[in-house]
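In what follows, a structure is listed as structure tokens, so that the remarks can point back to it.
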Amino acid sequence: MYIEELFIIIIFAVAIYLYRNYKGENVGKYVTGQVQEMYDKFAPYSFKVVREKTKELGQEYTVRQYTIQVILIAGFAGIVTYLYFYSLIISIVYMVVAVLFIPYLAYLRCNKVYSEFIFEQIQVYTSNTIMEFATTQSFVKALEGVRSSGVLEDPVLSDVNHMIDLAYKNGTIDESLTYMSQLYPFYIVKNMHQLFLQITKEGARNTADSLDNMQSDIDMLIESVYRDRIERANFHKSFLQFGVMLYLMVMLVQYLLGRETYLMLLNRAFIQVLLHGVLIINTYFLIKGEKYYNENVGAE
């Protein structure tokens, strides 16, 4: 117990040192600034773009929200691990490790927001292009109409501009369609491009029915994707509740064995290893679930 008390004293000493040296500014802001600086230095460029778009959409967490997340995750990790091992040192180690997962959770959440944004933009791109084509009977003119309508945002808007440039440069739409299909490999994009390619090669006669069928397919697909989002959100809530209950199973074990018997078992090395294994496996299970929930949004 002496080592645990010494460890706590060291933590308090570090906290007091930070406060005294940065009393002119908020300590929380100082720590947040240091974390942000490290993030900007080491984060992949692609994720920086995703995070900037998340901020632009107003869905990035504020400092207060991140602080609450840190407190909740660290607090839960500390309580659970103390109930497992009755050791402050082990609890503090697990609390630190738990907090280190927060950037990864932010990465998953930002990717989810960005994926939803891209899918909505693709939905707008396909639907409006079909409507514009029904009027102009020209794929390039349809793209120009969508571009001028102001309904698209970057990066999709920039890619549509590039499609138009490629079409005028090559005199055909083949390379433009290939470029967009490879960049956004959605089912609705590939099917719409294939339809326009057939119309262009075979002529623009009697295309109304084909366009109507294509629009109906897009509407049905969008409906199924949004339904999947609702079902996935409900599953995610139940999944988290189940994961938390798995952590708290140790309380049932202690109730059945008795606290004194449980503390005696903790003196055995293989019991400690077993408990660490339970925590690690359950955490892996939760992280994998979070990854599944946040990725492939709008997958068809």
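Only heavy atoms go into these numbers, but all of them, side chains included; no hydrogens, no water, no symmetry mates.
S91 and Y84 share no side-chain donor-acceptor pair at under 3.5 Å.
Between F239 and F285, the ring center distance clears the sub-6.0 Å criterion.
In this structure, I90 is not a member of the same hydrophobic cluster as M264, with clusters built from ILVMFWY side-chain heavy atoms closer than 4.5 Å. A continuous path of hydrophobic side-chain contacts links V189 to V151 [ILVMFWY only; heavy atoms under 4.5 Å]. With hydrophobic clusters built from ILVMFWY side chains whose heavy atoms lie under 4.5 angstrom apart, M245 does not share a cluster with L286. No continuous path of ILVMFWY side-chain contacts below 4.5 Å connects F242 to I281, so the two sit in separate hydrophobic clusters. By the rule that hydrophobic residues join a cluster once side-chain heavy atoms approach within less than 4.5 Å of another member, F119 and M180 end up as members of one cluster.
Taking OH from Y184 and CD from Q121, the interatomic distance works out to 8.5 Å, rounded to the nearest 0.5 Å. Taken to the nearest 0.5 Å, the OG1 atom of T129 stands 10.0 Å off from the CD atom of Q215. Atom CD1 of I164 and atom CD1 of I173 lie 12.5 Å apart (nearest 0.5 Å). Summarising the geometry, atom CG belonging to N161 is positioned 9.0 Å from atom CG belonging to L152; distances are rounded to the nearest 0.5 Å. The CD atom of Q194 sits 10.5 Å away from atom CE of M214, with the distance rounded to the nearest 0.5 Å. The distance from atom CG of L274 to atom CD of Q272, rounded to the nearest 0.5 Å, is 10.5 Å.
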Go through Y104 and I287 one step at a time and tell me if the side-chain contact (heavy atoms from CB on, under 4.5 Å) criterion holds.
CA-CA 9 Å; Y104 180 66; I287 294 297; 3.7 Å; yes
For the pair Y94 and H276, evaluate side chain to side chain donor-acceptor pair (under 3.5 Å) and give the outcome as yes or no after the intermediate values.
CA-CA 10 Å; Y94 270 103; H276 283 295; 2.6 Å; yes
Apply side-chain contact (heavy atoms from CB on, under 4.5 Å) to E290 and L240, showing your working.
CA-CA 9 Å; E290 281 295 305; L240 288 180; 3.5 Å; yes
So Y86 and Y262, side-chain contact (heavy atoms from CB on, under 4.5 Å) or not? Walk me through it.
CA-CA 10 Å; Y86 289 94; Y262 181 81; 3.9 Å; yes
Worked check of salt bridge (charged side-chain N to carboxylate O under 4.0 Å, His left out) between E60 and R51
CA-CA 7 Å; E60 169 64 321; R51 190 162 180 261; 2.7 Å; yes
Taking it one step at a time, do E132 and N128 satisfy side chain to side chain donor-acceptor pair (under 3.5 Å)?
CA-CA 6 Å; E132 289 285 343; N128 286 30; over 6 Å; no
One pair to check against side chain to side chain donor-acceptor pair (under 3.5 Å): Y107 and N294. What are the steps and the verdict?
CA-CA 9 Å; Y107 164 79; N294 287 285; over 6 Å; no
Tell me, with the steps shown, if E56 and K53 meet side-chain contact (heavy atoms from CB on, under 4.5 Å).
CA-CA 5 Å; E56 187 180 317; K53 177 57 71 172; 3.1 Å; yes
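With hydrogens and angles ignored, the 3.5 Å screen pairs a side-chain donor or acceptor of T126 with a backbone N or O of Q123. Within the 3.5 Å criterion, the main-chain N or O of T178 finds no donor-acceptor partner in the side chain of S181.
The two residues G243 and N282 come nearest to each other via the heavy atoms O-ND2, 3.3 Å. Contact between V99 and A74 at its shortest, heavy atoms only, is CG2-CB, 3.8 Å. Closest approach of I218 to S127, counting heavy atoms only: CG2-OG, 3.9 Å. Considering all non-hydrogen atoms of both residues, I188 and I122 come closest at CD1-CG2, 3.9 Å. Counting all heavy atoms, side chain and backbone alike, A106 lies closest to Y66 at CB-OH, 3.5 Å. Residues V140 and A167 come closest through the heavy atom pair CG2-CB, 3.6 Å.
A 6.0 Å sphere centred on CD of Q65 holds more than 12 heavy atoms belonging to other residues, nucleotides or ligands. The environment of Y168 atom OH is dense: over 12 non-hydrogen atoms of other residues, nucleotides or ligands sit within 6.0 angstrom. By the 6.0 Å contact criterion, CZ on F76 is enclosed, its count of non-hydrogen atoms from other residues, nucleotides or ligands being greater than 12. Heavy atoms from other residues, nucleotides or ligands lying under 6.0 Å from OH of Y179 number more than 12.
Looking at heavy atoms from C-beta onward, Y247 lies out of side-chain contact with L83 at the 4.5 angstrom threshold. Looking at heavy atoms from C-beta onward, E52 lies in side-chain contact with K55 at the 4.5 angstrom threshold. Inter-residue side-chain proximity for D159 and Y125 is flagged as unmet; no heavy-atom pair is nearer than 4.5 Å. Side-chain contact between F117 and P155 is present, with at least one heavy-atom pair separated by less than 4.5 Å. Residues L195 and F133 have side chains not in contact (no heavy-atom distance under 4.5 Å, counting atoms from C-beta outward). Side-chain atoms of L266 and L275, non-hydrogen and from C-beta on, do get closer than 4.5 Å to each other. Between V80 and L248, the closest side-chain pair of non-hydrogen atoms falls below 4.5 Å. Counting heavy atoms from C-beta outward, Q69 and I73 have side chains that approach closer than 4.5 Å.
Annotation: cation-pi pair R109/Y114 absent, no NZ/CZ under 6.0 Å from the ring centroid and within 45° of its normal.
Looking at E231 and R227, no side-chain N of the basic residue comes within less than 4.0 Å of a carboxylate O on the acidic one, giving no salt bridge.
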